4 protein chains.
Amino acid sequence: MTENKIRAGIIGATGYAGEELLRLLLMHPLAEIGGISSVSFEGQKISEVYPSLAAFCDMVLTDEDAVIANSDVVFASLPHGLCEEKAKKVLTLGKAFIDLGADFRLYREEDYQQWYGLEYKEKQLHEQAVYCIPELHRGLAGGKRLIGNPGCYPTSIALGLAPALKAGFVFADDIIIDSKSGVTGAGRGLSQKTHYPDCNEAFSPYKAAEHRHTPEIEQTLTELAGERAMVTFVPHLLPVNRGIVSTIYAKLKQSVTLEEVHRSYEVFYQDEEFVRVMPLGDYANLKNVTFSNMCDISLHMDSRMNRMIVVSTIDNMVKGAAGQAIQNMNLICGLPEDTGLKLVPPAF
Amino acid sequence: MTENKIRAGIIGATGYAGEELLRLLLMHPLAEIGGISSVSFEGQKISEVYPSLAAFCDMVLTDEDAVIANSDVVFASLPHGLCEEKAKKVLTLGKAFIDLGADFRLYREEDYQQWYGLEYKEKQLHEQAVYCIPELHRGLAGGKRLIGNPGCYPTSIALGLAPALKAGFVFADDIIIDSKSGVTGAGRGLSQKTHYPDCNEAFSPYKAAEHRHTPEIEQTLTELAGERAMVTFVPHLLPVNRGIVSTIYAKLKQSVTLEEVHRSYEVFYQDEEFVRVMPLGDYANLKNVTFSNMCDISLHMDSRMNRMIVVSTIDNMVKGAAGQAIQNMNLICGLPEDTGLKLVPPAF
Amino acid sequence: MTENKIRAGIIGATGYAGEELLRLLLMHPLAEIGGISSVSFEGQKISEVYPSLAAFCDMVLTDEDAVIANSDVVFASLPHGLCEEKAKKVLTLGKAFIDLGADFRLYREEDYQQWYGLEYKEKQLHEQAVYCIPELHRGLAGGKRLIGNPGCYPTSIALGLAPALKAGFVFADDIIIDSKSGVTGAGRGLSQKTHYPDCNEAFSPYKAAEHRHTPEIEQTLTELAGERAMVTFVPHLLPVNRGIVSTIYAKLKQSVTLEEVHRSYEVFYQDEEFVRVMPLGDYANLKNVTFSNMCDISLHMDSRMNRMIVVSTIDNMVKGAAGQAIQNMNLICGLPEDTGLKLVPPAF
Amino acid sequence: MTENKIRAGIIGATGYAGEELLRLLLMHPLAEIGGISSVSFEGQKISEVYPSLAAFCDMVLTDEDAVIANSDVVFASLPHGLCEEKAKKVLTLGKAFIDLGADFRLYREEDYQQWYGLEYKEKQLHEQAVYCIPELHRGLAGGKRLIGNPGCYPTSIALGLAPALKAGFVFADDIIIDSKSGVTGAGRGLSQKTHYPDCNEAFSPYKAAEHRHTPEIEQTLTELAGERAMVTFVPHLLPVNRGIVSTIYAKLKQSVTLEEVHRSYEVFYQDEEFVRVMPLGDYANLKNVTFSNMCDISLHMDSRMNRMIVVSTIDNMVKGAAGQAIQNMNLICGLPEDTGLKLVPPAF
C-alpha cells in the first residue's frame, strides 16, 4: 500500500453503482482500493463477476468488516435501510462514510418515513450527515465524515434549476419535471421490464408522481428557492445504457429574456468544472456527457406561455452516482474536486 | 385489376410514410395499388429502393400524373407546400385526395402562414378539406374527397386529451406536452443527427416550444375544449425506430378522482377499435402499439399538485401516418374503418 | 365458433414463440383460437401477460387439457422432453400436433440422446413424425398429423444451402456456419446475459461448436447432399430483438461461377413464395425479413479461396418458429401454405 | 506549453478516429495538443463540431501546416492516398508521423496497387515506415519516425491468431474470419446504410471476400506463420457504436488439446498489458473492452471437425485506431507504452 493514497473501500461492490465506483477509483491517481464486499458474491473475484475488470482488479470480494478495517473512506451502495448501522461502525472508527443510497439524503425524518416507510434509528448520525451536490453544498461538507450522496434524478434537476431558483426567476411551487433515465438506473437485478426484448425498442414512464426521489428533489429546490418548492415528477425508462435527461418546465415569475436567464446561468456556473451551460440554440444531449462527470444544461423559452424550459443531462452512473461520490470523497479529503474525474466524454 | 377494389396511388412513395403506406395497402383486402411515384427514383423499381418489398411489389416508380390517372384515391406524402396543386388536379378528375403532409391540416390560414411561412393559394380547396382523426372527426368526413391527414404528435395528443377536454376536467389553456418520437419521424433523409453513432445511445429534445405541430395540436384541443387551448410542446428524439409517447400534464379544474377520469375515458372510447384505455396502474408503452394502428392511453394523477398526467402512445408511422390515412380512405370510401388495419401489435 | 375455421390451440402460449404464434393466428383468416395454456400463468388473461394483445385476445390461460379438448390442431412451445406425452394425447384424439420444440426433430434417437441427454419413450410416435421445412419437405407431410417444426438456426441454414448441396457444388463435410441471432431467440426467461445493460452494446458468441441445433442442421444437410454432412456451427447473440443471419462458408467441389450458382438458386426457389434469392451484389439483411415469413438469401464468392459464401436470413420468431408452424398447419390441413402469412416485411 | 510534454498534432481531427485520438490525448499525462486541422471545418472550434469536448478542448481547427509546425508527433486520420506528401513534410522537419490510414501499412506495393488502386510515389518513405501492432512488432519500431498504424479488423485478427501461428498449431493458408464491427467503423460520413432507422435492428455483411483489409491481414499472418497465409474475410455491420468481434476458424495441423493451445496463448501474452486471454469456457465479448485499449481473446475447439475457433475483440476506435496510435507514439517516444492508456473498460 502506498503511504499517501486514500484507501477507499466499497460495500456492495457488485451492483452497478458499486462496480462503476470501483472502475473510477482504479483510475484515481490518489486512491487505492482498501477492499470490496458483496453479500451475494463473497469469496469470488470481482473480475469473475465483471470480466471487464480482469487484470485491472482481481481482488476477492470479502465481507464488509474486512473492507471497513482496511479503508480510510468507506462507500456503500446498498438498498435503503441498511446504512445507518454501517455508517455508525465506520464513524466510530474515525473513518469517513459516503452512502450512495437514500439513507442520509433526507433531512426531515417524516419525508423518509412517508416515502421509504422506515424510521431513523440513529438520529444523531443524521445530524452529522451532509447531503452534498458539491456545486451547491460544498460549503457544508468541510470537516464532515458522513455524506449522503445525491440521487441521479435529483442531481440533474437541482443543477438544472439552481440558478433560476436562486435568482427568483420562476415559481418554485409548480414545477413539472419529465425525466428519462437509461436502464442502468434500474440496477443489475433482473426484471421482465429490463429483459432485453421487452426493453429494447420500448419506452414508457414509471412511478408517475410517486417516485421516491420526489422529496429529495423538493428538499433541494426548496433550499435553493428559499420557499416551499413542489414538483410533479415523472420518470421514464429510456432504452440506452446510461444517462439521464430531465426536461423541466417552470413558469416565469417576471419578465425576463432567455438571454438574461442564460447569462445568469453562465455566471452561476462560471467556476464549475463539471457543469456546462450550452450556447443558446443548442440542446443538451446525454450523448455528450456519458462516461464523464459532466452536467450539460440547455435553456429554452416558451414565450407564448411565459414558461422556461431547462434541459439538464448527466451520466446517471457518474455524476448521478459514482463520480459524484468520488467528488465528495475528494472534497472531504482535501483533494482538488476533479482528481480522478477529468474524464473527457466520448463523442460516440 | 380487380373490379371491386379501390385503386390507391401514392405520390412520394419512397419516403418513409409513403413506403409504409404502400406496405399496408399491399395487405389491404379491398385495395390495390394504382401507381406509385417518386421524383428522386422515377424509373426504378420500388423494390430496388426497399428490398424488403421484393416479390410483394416490384412496381416501377413513375411520375405523379401516371399515378393520378390510374387511381381512385391518391395519397401524397410530400414536404409541405406542394400539395395544393396536386389536390386540385385530383379533385378535378373526381377522385379523392389524402394528404399525409401539412397542407390541409390547419383551418386558419394565418396559422399556416405563421408556422410554415406560406400562403394558401387555392382557398376554395381548403374549404372542402377535412382534418380527420376518425375517432374525433368522422362525422365531418362524410361525402368529402379531400382529407388533411393528421400529424403524428397531434394524433397522440388529441386522442390522449379528448375525453378530459370534452368533460371539462382540465384547464385547456396551460397544458404541457413532453413528447418522444422514434427516429423514423425524422424521415428517410440523411442528417448528422440521425447518423447511427450520433443517434444511438443518445437522447435530446429539439424545436422546444417551436415545433410546427403546435398550431395543429392547439386547433384540435381548442375544438375539443370549446375554449382556446394553449400548450407548451417539446418533442424529443428517441433512439428507437418507431413510436411516439406523449406525456401530457394538465391542471384539474375541479375535484375529480382518477377513477372518475378513467371511467370517462373508457366510456368515451368504448366503441373505438383502435384506442385502448389501459387499466389503472398500468403504463402505456410504445412497445405495445408499434406496427399496429392502436393508440394506448394510460391515466395517472399527481394529487399533491392537483394535476392529471396522460400518457398516450401510437406508432408514428401507422396511427400517426399511413395507418390513419388508410383509416381515412376506408371512411370516405364507405368501407369499415378497420379494413386492412386489424394488425395485432407484436409483443417484441 | 365458426364452422369452417381450424380451431388452433397453443400449449405454452406465454413463451415468446407461443405468443408470436397466437398473434399470427389471430390474423389468420381461416383459423380461430381453440384455447391457450400456460403452467405459470394459468387463470390469467393472456392480455395481462402481454398488454400488446389487449382487445385482440383477452382469453384466459387454462391447462393443456382444456386446450386440447377444444382444438383441431395443437401447437406446443415447450422446453424439450415434455412433448411426447402431449403428442400422444392429441393424436389419440385424432387431432394434429405441431411441436415447436426439439422433441420430434431428430430422426436418429442417438442424436437426441447425445445432444439432449434424453431417450425416446414413445418410439412409434417418432415414426409418425415429420420434420418439415415446407420448401424442402412438403412432400413428406401429406396425411401426417405430427410435425416436428424446425429450429430457427437450422431453417436459415438448410434453406441457405439446399440448392448448392442438391447440385453438388460444395463439399458437405466441412461447412462453417457463423450465425447471429436476435435476443428473442433466448426466450422470455430472465438471465444476466439478456439483461438490457449487459446485452445492449454487446456482442459475443455462445455454445461454440456445442449448440444443440448442430445435429438437426447436419441431419437436413446430409439428406440434401446425399452424403454425410458435417458442420462447425457457432451462434452469436445479436443485440436486436428479432432475426437470424447465418453466414455460411463452403468449399467448392468444382469450378463453378457465382453466376451459375446464383442461377441454380433462382431456379430451385422459383416457385417458393417465402424465399427470395437476392440479386448478385446485394447482401441479405435481417432488416428486410423481420416480422415476415420470408427467407432472404444472398450469394458471394471468394474466388481466391475457391469458397462460396451464403448469407441466409429469417425472422427467428416467424419463419424460424411461429410462422413456419402455421405454414405447416396450412400444409397438413390442406390450405394454401401462405394463408395468414402474406406479411409484407416493414422496411424500418 | 509545458517543456516536457510531447506536442501531438492531428491532421483530420474531425473524423471519428481523429476525434477519439484527440479525446485520449487530452487525458494523456505526457502529451499536449500541438494543433488540430480539418479541411471541412477549418476556422471552427472543435467543440462546435463535437459539443462533448466543450470546456476540455475549445481549440480552433487550422490547416495542416499550422498543425505540423507546432507538433513533435503528427497523427493523420485521412482517406487513403493523401499521406505520402504529408509524411514527407513531417519527416523532413525531423518530426514523427503516425498514419492512422492505409498508406503505410502494406509493405508490398503490388498489394496497395491491387486493393487500393494507387501507386507508391515516395518509395523511400515506405522503406522507413514500420507497420506496428506493438505486441507483435515493437522490436521494429525503435528509432523509427514513420508508423503505419494498423487497421481495426487486422489488429483483432493478428492478435487473435499470433500465438497459434507462431506455434504452428494451425494451417495458415485456409483461415476463415467472420468479423463484426460497430458502426463507428463506417466513419462520420452520412450514408443510407448508417442512417439510424436503416441500421438499427438490422444486420448484414458487406464487402464479403473483397474488403481492403484483406492484404493487411494476410501480410501479418504470413509473417507470423513463416509461410503464405490466406484468408476468407467477411466483415459485418453490427448495430452497436463501438467494438469489433472477429470469430476465426482455423484447421488444426496436429493433435493438440484446447488446454495446450490455451496455455500457449497465456504464455505468449503473459507480459502484455493490453491483451487478456480469457479463462477456458468464457467467451470474449466486445462489452468488456469498449472504451479501453484491451484486446480480449477466447479459445474454443470443434473437436469433431479438428478445428480451432478464436474469438478476438477490441474497441475499433481505441485498440483498433486511436489507442494503438498513442501506444505507438509512446513506443517511439520512449514512454511506457501504457502511458495515457490505462483505461478501465466500463462494464455497461
Side-chain angles (χ1 to χ4, degrees), chain A residues 14-20 23 38 40-41 44 46 48-54 152 180-206 236-244 286-287 290-291 315-318 320-322 346 348, chain C residues 14-20 23 38 40-41 44 46 48-54 152 180-206 236-244 286-287 290-291 315-318 320-322 346 348:
Chain A
T14 57
Y16 278 166
E19 195 279 340
E20 181 76 352
R23 181 176 81 87
S38 161
S40 317
F41 297 96
Q44 290 186 46
I46 182 76
E48 287 166 16
V49 185
Y50 289 102
S52 55
L53 294 176
C152 49
K180 302 86 180 171
S181 171
V183 186
T184 50
R188 187 174 188 267
L190 306 183
S191 72
Q192 202 66 48
K193 194 174 175 175
T194 55
H195 187 48
Y196 185 89
D198 290 22
C199 188
N200 181 42
E201 299 290 294
F203 186 76
S204 182
Y206 65 99
H236 300 69
L237 189 65
L238 187 64
V240 302
N241 280 0
R242 287 168 176 254
I244 278 179
L286 65 80
K287 181 69 146 189
T290 41
F291 301 100
D315 184 319
N316 59 312
M317 300 308 293
V318 187
F348 38 78
Chain C
T14 57
Y16 277 166
E19 195 280 340
E20 181 76 350
R23 180 177 80 88
S38 160
S40 316
F41 297 95
Q44 289 187 48
I46 182 76
E48 287 166 16
V49 185
Y50 289 102
S52 56
L53 293 176
C152 50
K180 303 86 179 172
S181 171
V183 186
T184 50
R188 187 175 187 265
L190 307 182
S191 70
Q192 202 65 49
K193 194 176 176 173
T194 55
H195 187 50
Y196 185 89
D198 291 22
C199 188
N200 181 44
E201 299 291 294
F203 186 76
S204 180
Y206 65 100
H236 300 69
L237 189 65
L238 186 64
V240 301
N241 280 359
R242 286 167 177 255
I244 278 178
L286 64 81
K287 182 70 151 186
T290 42
F291 301 100
D315 183 320
N316 60 313
M317 300 307 293
V318 187
F348 39 80

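When reading the values below, keep in mind they use all heavy atoms of this one structure, side chains included, and skip hydrogens, waters and symmetry mates. Here is how names work: the chains are called A, B, and so on, in the same order as the sequence lines, proteins then strands, and each is numbered from 1. Since this is a predicted model, take the numbers as computed values, not measurements.
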When rounded to the nearest 0.5 angstrom, what distance separates [atom1] in [X] from [atom2] in [Y]?
X	Y	atom1	atom2	result
A/Thr194	C/His195	OG1	NE2	4.5 Å
C/Thr184	A/Tyr196	OG1	OH	10.0 Å
C/Asp198	A/Tyr16	CG	OH	3.5 Å

(message) Under a 4.5 Å cutoff for heavy-atom pairs, which residue among A/Pro239, A/Ala186, A/Gly182 has the most contacts with chain C?
(response)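 Heavy-atom pairs under 4.5 Å are most numerous for A/Pro239.
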(request) Under 4.5 Å heavy-atom distance to chain C, tell me which part of A/Arg188 shows up: side chain, backbone, both or neither. (result)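 Its backbone and side chain both get close to chain C.
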(message) Looking at every non-hydrogen atom in both residues, tell me the closest pair between A/Pro197 and C/Asn241 and how far apart they are.
(response)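 Heavy-atom minimum between the residues: CA-OD1, 3.4 Å.
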